K.L.:
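Starting off with a structure, shown below.
Numbered from 1 within each chain, the chains take letters A, B, ... in sequence-line order. This one's a predicted model, so the numbers in the text were calculated from it and none came from an experiment. Keep in mind that the numbers below use all heavy atoms, side chains included, and drop hydrogens, waters and symmetry copies.
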Number of protein chains: 2
Amino acid sequence: MGEKTRERVKRVAREIGFRPNALARGLLSKRSFTIGLLTNDTYGRFTLPVMAGVSEALVDHGVSVFLCAIEDDPALGQIHVDAMLDKQVDGIIASGKRLDRSLPVDLSNLPVPVVYAFTQGPPDSVTLRSDDAQGARLAVEWLVKLGRRRIVHVTGPESFFSVRERAGAYREIAGDEEPVMYGVWSEGWGHEAVAKIWSRSGKKPDAIFCGNDQIARGVIDALRERGIGVPEDVAIVGFDNWEIMAAQTRPPLTSVDMGLKALGREAGLTVLALAEGRPVETGVRKLPCHLVVRQSA
Amino acid sequence: MGEKTRERVKRVAREIGFRPNALARGLLSKRSFTIGLLTNDTYGRFTLPVMAGVSEALVDHGVSVFLCAIEDDPALGQIHVDAMLDKQVDGIIASGKRLDRSLPVDLSNLPVPVVYAFTQGPPDSVTLRSDDAQGARLAVEWLVKLGRRRIVHVTGPESFFSVRERAGAYREIAGDEEPVMYGVWSEGWGHEAVAKIWSRSGKKPDAIFCGNDQIARGVIDALRERGIGVPEDVAIVGFDNWEIMAAQTRPPLTSVDMGLKALGREAGLTVLALAEGRPVETGVRKLPCHLVVRQSA
DNA sequence: CTGAAAGCGCTTACAG
DNA sequence: CTGAAAGCGCTTACAG
């Protein structure tokens with residue numbers, strides 16, 4: 001093509017706003033520049049930041065994301081997986097709401113790479129998760145650094161892997177003078193825990209490390225009702241850094257952020273690498289949490 | 001093809017798990033069985049149920065959904081729109097977090113149909129939104145039916161269309177003895193409003209209709225701190241039916257649900273109809289809210 | 001270097 | 001009714 005013709009083609013293409021058809025392109029290249037994000041987290045508290053991270057990381061590479069919410073329904077999961085494969089996704093990210101539960105679909109032996117993010121993957125898969133132990137350490141060390149010496153841990157059900165991780169890290173630093181108080185993920189349990197602590201004899205804690213922000217909120221409310229000052233008398237740290245919850249407590253809540261957006265970003269880049277045939281180390285990769293300091297500690 | 005050959009082909013197809021390549025199919029049919037959902041609701045409180053509805057309605061039709069979170073960034077919005085068009089989406093659903101704000105991208109004159117759901121569309125578009133006036137009526141009528149006579153309305157900023165809609169409906173039923181209390185969407189404002197009401201002279205209300213669940217939560221907490229019984233002394237109704245908030249108030253909150261999942265379902269079916277060339281009435285279509293009765297009223 | 005052909009995996013229209 | 005060809009919109013490999 002002569003230089004002039006080339007220029008003219010380019011100009012016309014621009015004028016009529018020509019954009020290549022990605023379907024046709026994908027047919028040849030065996031790449032659809034599309035990935036699927038599978039999740040059973042309907043409420044979206046955890047998946048949403050993960051998704052935002054995935055999308056953010058991949059949009060620069062021209063990759064779009066199919067969102068597939070499958071509840072806990074295996075049949076629905078299968079339908080979505082089939083639909084994604086039919087549409088020739090370059091890869092799949094599986095995400096969820098619990099590190100120790102897997103999605104109700106079998107993602108092994110798929111013709112495309114799979115990355116697990118914030119959900120349990122099979123042994124030899126690529127799995128990304130937050131480092132809950134490190135996050136808990138951050139929280140407790142911060143309380144220690146503030147001079148707190150009697151730190152209590154009020155948390156969720158012991159059946160959760162992340163609860164055991166966090167409790168383990170708490171123990172490492174705080175010792176085992178105080179029993180870890182396992183309960184449920186609710187404000188109500190936070191209230192109840194405070195009632196229990198203050199009804200028993202002996203010295204009262206000067207800090208409470210809570211298993212999530214909802215519990216922390218219950219704890220803070222209960223302390224205020226008793227006229228106990230936060231953070232003067234008792235410092236509080238939560239977990240999740242659930243913005244809308246943490247910002248609304250009085251005082252605003254210091255909390256551990258699991259860095260789910262970064263986790264999503266990593267998941268996106270990793271599935272892309274696999275799709276392009278680049279080597280990726282298999283196994284569980286833990287990403288660091290960070291502490292968001294507000295006024296409760 | 002002979003009957004025997006046909007059977008054999010079918011059998012082998014089943015055995016090797018043959019599934020037609022949707023890309024190739026789309027190339028011919030001019031249908032990708034793919035739509036794009038554009039939203040600027042990062043937090044996802046409103047978009048998430050909409051999305052769940054869209055996905056639920058379309059999965060039966062083999063349609064997958066690209067989720068594009070564009071924040072309020074016009075450049076990012078354009079990138080996502082271009083990516084969707086390149087991938088030959090059959091249609092686009094625009095969604096957001098406010099009925100009276102439009103997304104920072106121009107979606108007119110696109111080669112594919114667009115439906116606006118819970119965000120403002122241009123005049124001649126297809127726009128779906130909740131019927132906030134009807135929802136507010138539901139709430140106030142319920143309070144009246146419970147025998148409440150002095151109903152106060154504590155709500156968000158008057159600059160919000162939905163605030164004015166809800167306040168208008170409240171006025172229709174409750175009259176204008178009590179001034180509507182405009183404020184912000186926070187628990188703090190709920191607290192403050194209660195302080196204001198109880199500091200002024202005259203009869204106290206026996207019911208408070210709140211503009212959203214966060215305000216309602218603040219109101220309920222403030223009333224409890226004053227020793228005022230909910231619902232005995234003052235009945236409370238919120239708006240949004242934000243499950244995790246409404247269920248955690250003490251007592252659990254009666255609230256207006258905007259039916260966003262149904263709205264999403266409608267949006268999905270509507271964009272599908274447009275994509276298939278079926279006629280759809282243009283203009284704003286309001287979908288009904290419903291009241292979720294818990295213990296606060 | 002330029003230009004035409006082949007082919008990705010399907011579906012549809014047509015010839016036999 | 002059956003079977004082969006054409007074509008969707010691209011990209012790549014090849015002949016001139």
K.L.:
Specify the separation, in whole Å, of atom CZ of B:Arg31 and atom P of C:dG9.
P.N.:
23 Å
K.L.:
Give me each pair satisfying salt bridge (Lys or Arg N to Asp or Glu O under 4.0 Å) with a member in residues 41-53 of chain B, each pair once, sequence neighbours excluded.
P.N.:
B:Arg45-B:Asp240
K.L.:
Would you please say whether a donor-acceptor pair under 3.5 Å links the side chains of B:Thr39 and B:Thr47?
P.N.:
yes
K.L.:
Please work out the stems of DNA chain C from pairs that are Watson-Crick or G-U wobble with both distances under 3.5 Å, keeping only runs of three or more consecutive pairs.
P.N.:
C:1-3 with D:14-16, C:5-12 with D:5-12, C:14-16 with D:1-3
K.L.:
For DNA chain C, which residues of residues 80-87 of chain A approach it to below 4.0 angstrom with any heavy atom?
P.N.:
none
K.L.:
B:Ser125: which residues meet the side chain to side chain donor-acceptor pair (under 3.5 Å) condition with it, sequence neighbours left out?
P.N.:
B:Thr127
K.L.:
A:Phe18: which residues meet the side-chain contact (heavy atoms from CB on, under 4.5 Å) condition with it, sequence neighbours left out?
P.N.:
A:Ala13, A:Ile16, A:Pro20
K.L.:
CZ of A:Arg25 versus P of C:dC10: gap in Å, rounded?
P.N.:
21 Å
K.L.:
Pick out the pairs of N or O atoms, protein on one side and nucleotides 6-8 of chain C on the other, that lie under 3.5 Å.
P.N.:
residue, atom, partner, partner atom, Å
C:dC8, O3', A:Lys30, NZ, 2.9

K.L.:
With sequence neighbours excluded, tell me which residues meet ring-ring contact (aromatic ring centres under 6.0 Å, His included) with B:Phe118.
P.N.:
B:Phe46
K.L.:
Reckon A:Arg19 touches a base, only the sugar-phosphate, or nothing at all at heavy-atom distances under 4.0 Å?
P.N.:
sugar-phosphate
K.L.:
Applying side-chain contact (heavy atoms from CB on, under 4.5 Å), can you list everything that pairs with B:Ala247, at least two apart in sequence or on another chain?
P.N.:
B:Glu243
K.L.:
Just distance, no hydrogens or angles: give the donor-acceptor pairs under 3.5 Å from side chains in residues 52-66 of chain A, sequence neighbours left out.
P.N.:
residue, atom, partner, partner atom, Å
A:Glu56, OE1, A:Lys261, NZ, 3.2
A:Glu56, OE2, A:Arg265, NE, 3.2
A:Ser64, OG, B:Lys87, NZ, 2.8

K.L.:
When the side chains of residues 107-114 of chain B are checked against the rest of the protein, which donor-acceptor pairs come out under 3.5 Å, sequence neighbours left out?
P.N.:
residue, atom, partner, partner atom, Å
B:Ser108, OG, B:Asp106, OD1, 2.6
B:Ser108, OG, B:Asp106, OD2, 3.4

K.L.:
Any pair with a residue in residues 73-107 of chain A that passes ring-ring contact (aromatic ring centres under 6.0 Å, His included), sequence neighbours left out, goes on the list, sorted by first then second residue, please.
P.N.:
none
K.L.:
Restricting to side-chain contact (heavy atoms from CB on, under 4.5 Å), what partner residues turn up for A:Glu165, sequence neighbours left out?
P.N.:
A:Arg129, A:Asp132, A:Ala133, A:Phe161
K.L.:
May I have the distance from B:Leu23 (atom CG) to D:dC10 (atom P), rounded to whole angstrom?
P.N.:
13 Å
